[in-house]
Amino acid sequence: MKNDSMYDLCWSMFKYPRSITGDGVRKTLRHIKEYLPTMNIHEIPSGTKCFDWEVPKEWNCHRAYITCPDGSKICEFKVSNLHVVGYSVPVNDWVTLDELQKHLYSIPDKPDAIPYVTSYYEEKWGFCISDKERDELKEGLYHVYIDSEFKDGSLSYGELIIPGDLSDEIFLSTYICHPSLANDNLSGIAVTTYLAKWIMGLSKQKYTYRIIFVPETIGSIAYLSKYWKQMRQKVIAGFNVTCVGDNLNYSYMPSRNGNTLADMVAQHVLSHLHPEYKTYSFLDRGSDERQYCSPGIDLPVCSIMRSGYKDFPQYHTSWDDLSFISREGLQGGYESLKAAISCIEENWYPKVKILCEPQLGKRGLYPTRGIEGHSKKVRNMMNFLTYCDGLHSILDICNIIDVPMWELSILVETLKDEGIIE
Ligand code: ZN
């Protein structure tokens, strides 16, 4: 394997020409499969009905550019795949500057950024260009050339099932459809891949893991249309992994319900690890939680993010490149999700087996001398035990007594081994 970090993985896949279908997606999935050999790559044929949607024709862009009146080439697809509007129809024509302007996309207040634009469901062609470069275009005839192809092909996605002791599932989903964009897209792919590697390396895990790499929206809808019934029965918590690579902020996008196990755990982890984190409203949703939390599907899926989509100026522009994400940023996103998954794995409903307070001294659990730091430990233990009524989960208790779950894991094991709780 060539790469050995999440950042390297982002780096090596940055230029793949991703879209909601096509060879760039397959190349991305094959690359992920080098890390996750047991992941299966599936294809859903164009035209397949998925609820209210239909898998579109497969799109591939081979080459594209504009030749200026002076003979120079601009907006070359091979230089940046952001230059071509996703799902552009083929064109090979000479147009005036006025006509060309109708097909150009730029952002005036971000003059050197190339925007990310797609047109999946409306037939058109277009180029994305920095506003600065657009301003410099002279009158004259331009040769516009997009060698793209639509065919009855398929939508590709990756699925990895890691069996656990229980058939109840933890669900991870990330999307694979954005072209050269780092935080809003590659970070999610890299962090999900490394989380899957970590889970597969565990000696045992309680839950079964369903981990999918799908194109956003149409991919999650297509996947749900196949598996939503079993997922509704099995999934106890899920995370849509997106925007986990920058080093600025931490944030949380709730599920629609806002009150699921995934939400509880996300808030627990962030409030202890990154208390300055930002909480979004579900009204700010923008990724596949839109599908996973839609009425009737109602999966317990939320997101733990670094800077949330739309909240960073680089969003959906060429500014969201490999310099916007970092090793530390990706590591922070990864560690937060890993902590959330560990909390779910270690969550259960303890019940004290002894009436009244257990005599801890005779078990060596109660220090006879007051040592600095011990008093807090003892206080946590007594507080923990007092809620071990079989009705509160460990997570519930940790929230009540305001202690991170991972700080009590040794204590919980000890109390279990001593026969004090069950
Ligand atoms: Zn996006």
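One-based numbering, in listed order, for ligands and for the atoms of each.
- One finds no salt bridge joining Arg256 and Asp263 here, because no Lys/Arg side-chain nitrogen approaches an Asp/Glu carboxylate oxygen to under 4.0 Å.
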### Message
For Ser173 and Val214: C-alpha separation, side-chain torsions, deciding distance, then whether side-chain contact (heavy atoms from CB on, under 4.5 Å) applies.
### Response
CA-CA 7 Å; Ser173 174; Val214 292; 4.1 Å; yes

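- For Glu216, every N, O or S atom stays at 2.8 Å or more from the Zn ion (ligand 1).
- Distances from the Zn ion (ligand 1) to the N/O/S atoms of Asp184 are shortest for OD2.
- Draw a line from the Zn ion (ligand 1) to NE2 of His178 and another to NE2 of His316, and the angle between them is 100° (to 10°).
- Checked options Thr242, Asn185, Asn183; the residue passing with Tyr309 is Thr242 (criterion: side-chain contact (heavy atoms from CB on, under 4.5 Å)).
- Between Glu159 and Tyr223, the side chains place a donor N or O and an acceptor N or O closer than 3.5 Å (distance only, hydrogens not considered).
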